[in-house]
Amino acid sequence: MADLILYNGRITTFDPDRPEATAIAISGGKIEATGTDAELMAEARDAQTIDLQGRRVIPGLIDSHTHIIRQGNNFAMELRWDHVPSLADGLAMLKAQAQRTPAGQWIRVVGGWSADQFAEKRLPTIDEINAVAPDVPVYVLHLYDRAWLNKAALRALGIDSHYYEPFISGRLERDDSGNPTGLALARPNAQPLYALLDMAPKLDFEQQLLSTKHYFRALNGLGLTSALDCAGGFLNYPDDYGVISELNRRGEQTVRIGYQLFAQRPTLELDDFKRWNDVVKPDQGDDFLKCVGAGEMLVASAYDFEDFSYPRPELPKRMESDLKPVLEFLFEKRWPIRFHCTYEESAHRLLSVVEEVGRDKGLDELNWIFDHGETVSEKTMERVARLGGGISYQNRIAFQTTAYRDRYGEVELRDVMPVKKMMASGAPLAAGTDATRVSSYNPWLAIHWAVSGKGRGGDMIWSAENRLSREDALRHWTAAGAWFSREQGKKGQLKPGQFADLAVLDRDYFAVAEDEIADISADLTVTGGKIVHAKGAFASIGPEPLPELPDWSPINSFGAPGVLVA
């Protein structure tokens, strides 16, 4: 018997047996049935019923590559520029935030924006940042290429002319007297940008719990119900997983998470994976939080950075000898892997190691993942497919359109991130954001890019034949995503027996004007049969409001994608 029935909707199920429906019945956290209003309402009995008023319903969105755990711990501290139309507006937000930020806290703008989106079509200067916030430490990150620290931040970190830079690569810009100006450059390794941010104050454990819950609520507000977490720099397992583990223990997750483990110590990666193998195994956990493999960093020497404002990095000669023993161990222990790879030149070498080790250890049923691939060839895509891998692609290029065009030219821009060719390769394919230090966590920006072919500034990246249909773009965010966490048949479709994860959209994705796709959000989101977000006509049946963030949090004043602002 159903607990909840949604009716009078336009439901896209991605179930080939019943691709469209008007009603859906939910029982015990799973889909019981889809069908017509007449079919399902006849069995309503004591079920809660919700009139969808003709709205479009889709399966809950799945981000196949993001950094949700790290972002949750930091969300409350960050000022979001994801949708800011001009640099002037962004600087005004910094100035206003400086007036409410208490001693001991910083202002942080950490990714999710691009100079391309600004009316001025340029980056801020350190002088402009110092002018609007002279007394409060400010850190602003632009993609993986640079960050600005104002004078107050430099003072707080003790960075002056005598500061020793312990960075692998990259540097602090200095004036003629040797004083750091506040501009940090990744050339091309983003490690200094991460390291400087990691030196800033952090929230305490209880604040991180609340911050993460608010971040999950924002993602739910955009219709997202699942994510694959790729860890990231300075997120150490298990030390930095206490917050998400506690929320899972309390039953307070509203986004399902499959997490991969990211080796943090260059040249000692094998030691890390051996240690982790003693405490956790792939697929260990529950339907809301489980380990799903290793990566996206397997060894530091295999990591190519996607700073398109800088020449392509060459992987060091030792990469193969570093990677091979790690893969031998992981494949022997049947750990799925995923690895970051931006360039065709890197892919050729990485796949040769996967192929060599896989020939001996076997790749069957590992559902291993090739991430990114902005410049990979059709031959490489077919090689991934032949080796049993899937490809997770993201919209990073939409934030770096100008930089890519300036370096490689207009012709090359038309072929960058060749998703249509990836589809033709036969490899399993799903989409993600890679949020938040490059792109926004808003999935609708990624979907808009895939359908329109446009960058964040409106520049055309793809010619018409390379753009995705609305159905294909949405499939890569729903049904296709289940393969990547080895949950085929459990989620991604609105089909009897699968998780009752769905989103009721605030406008019809299949009918709105193309550029309006970027503005879509959810009016109602359900995860595991529970209403986790509701607004507008459904506000009265929404979940209890979360406790408020600290009064100085930028989220309170400026909001963020998916956040309901009073």
Side-chain angles (χ1 to χ4, degrees), residues 65-74 110-111 141 144 147 165-170 184 186 188-200 202-203 205 208 212 227-245 257-282 284 289 291-307 313 315-316 318-319 321-330 333 335-342 346 350 353 369 371-372 434-438:
H65 184 123
T66 188
H67 300 273
I68 185 174
I69 295 173
R70 182 178 66 191
Q71 182 61 15
N73 293 345
N74 294 286
V110 184
L141 176 70
Y144 283 144
E165 299 181 24
F167 307 133
I168 298 170
S169 67
N189 191 315
Q191 186 263 349
L193 313 184
Y194 285 180
L196 291 165
L197 180 59
D198 194 58
M199 294 164 68
K202 297 176 175 59
L203 298 173
F205 187 79
Q208 287 183 5
T212 299
L228 269 66
D229 181 82
C230 300
F234 295 87
L235 189 77
N236 290 286
Y237 182 85
D239 302 14
D240 297 321
Y241 287 67
V243 167
I244 191 58
S245 297
I257 297 175
Y259 63 89
Q260 276 99 0
L261 300 186
F262 182 123
Q264 300 285 339
R265 301 184 299 162
T267 75
L268 297 174
E269 296 94 348
L270 182 58
D271 292 343
D272 282 344
F273 286 120
K274 286 182 175 179
R275 176 166 49 88
W276 292 334
N277 185 66
D278 290 337
V279 296
V280 69
K281 297 290 190 296
Q284 183 175 319
L289 182 66
C291 176
V292 294
E296 64 182 296
M297 174 88 87
L298 295 174
V299 297
S301 57
Y303 212 69
D304 65 348
F305 291 87
E306 69 291 350
D307 180 357
L315 296 181
R318 72 173 192 276
M319 184 277 289
S321 60
D322 288 349
L323 181 59
K324 184 176 178 181
V326 170
L327 286 185
E328 287 176 336
F329 175 78
L330 292 172
K333 299 299 182 181
W335 276 70
I337 65 160
R338 68 186 310 158
F339 61 82
H340 168 115
C341 183
T342 302
S346 304
L350 287 163
V353 185
I369 303 168
D371 283 303
H372 313 314
D434 199 13
T436 60
R437 294 185 175 178
V438 172

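Quick note: residue numbers are just sequence positions, from 1.
- Within the 4.5 Å cutoff, the side chain of Q260 has heavy atoms near those of the I369 side chain.
- A 4.5 Å side-chain heavy-atom check between L196 and M199 finds at least one atom pair inside the cut-off.
- Residues D304 and S346 come closest through the heavy atom pair OD2-OG, 2.9 Å.
- When side chains are defined from C-beta on, W335 does not count as touching V326, because their heavy atoms never get closer than 4.5 Å.
- Summarising the geometry of P192 relative to G170, their closest heavy-atom pair is CG-CA, 3.9 Å, with the distance given to 0.1 Å.
- One distance of note links CG of L193 with CG of D198; it measures 12.5 Å at 0.5 Å rounding.
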Margin query: As a quick check of understanding, evaluate side-chain contact (heavy atoms from CB on, under 4.5 Å) for V110 and L197, giving each step before the final call.
Written below: CA-CA 9 Å; V110 184; L197 180 59; 4.0 Å; yes
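- A distance of 6.5 Å separates CG in L289 from CD1 in I69, rounded to the nearest 0.5 Å.
- A pairwise comparison of heavy atoms in P316 and S301 identifies CD-O, 3.3 Å as the closest pair.
- Under the 3.5 Å distance criterion, with hydrogens and angles disregarded, a donor-acceptor pair is assigned to the side chains of D434 and H67.
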Would you be so kind as to tabulate the donor-acceptor pairs closer than 3.5 Å made by side chains of residues 230-245, with sequence neighbours excluded?
{"unit_1": "D240", "atom_1": "OD2", "unit_2": "N236", "atom_2": "N", "d": "2.7"}
{"unit_1": "S245", "atom_1": "OG", "unit_2": "Y241", "atom_2": "O", "d": "2.8"}

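- Here N74 contributes atom CG and L203 contributes atom CG; the two are 7.0 Å apart, rounded to the nearest 0.5 Å.
- For L315 against A302, the heavy-atom pair with the smallest separation is CD2-C, 3.9 Å.
- Looking only at distances, no side-chain donor or acceptor of N73 sits under 3.5 Å from a matching main-chain atom of Q208.
- One distance of note links NZ of K274 with CG of D271; it measures 7.0 Å at 0.5 Å rounding.
- A heavy-atom distance below 4.5 Å is found between the side chains of F329 and N277.
- Of all heavy-atom pairs spanning Q191 and P166, the tightest one is NE2-O, 4.5 Å.
- Looking at Y194 and Y144, their side chains come closer than 4.5 Å, going by heavy atoms from C-beta outward.
- Distance CG/D272 to CG/L298: 11.5 Å, rounded to 0.5 Å.
- Classification of the H340-F305 ring pair by plane angle, with boundaries at 30° and 60°, yields tilted.
- Within a 6.0 Å radius of NZ in K333, other residues, nucleotides and ligands contribute 12 heavy atoms or fewer.
- Side-chain atoms of L350 and M319, non-hydrogen and from C-beta on, do get closer than 4.5 Å to each other.
- Two residues are said to be in side-chain contact when any heavy atoms from C-beta on lie closer than 4.5 Å; T66 and Q71 fail this criterion.
- The CD1 atom of I337 sits 13.5 Å away from atom CG of L261, with the distance rounded to the nearest 0.5 Å.
- Residues P325 and L270 approach most closely at O-CD1, 3.9 Å, considering heavy atoms.
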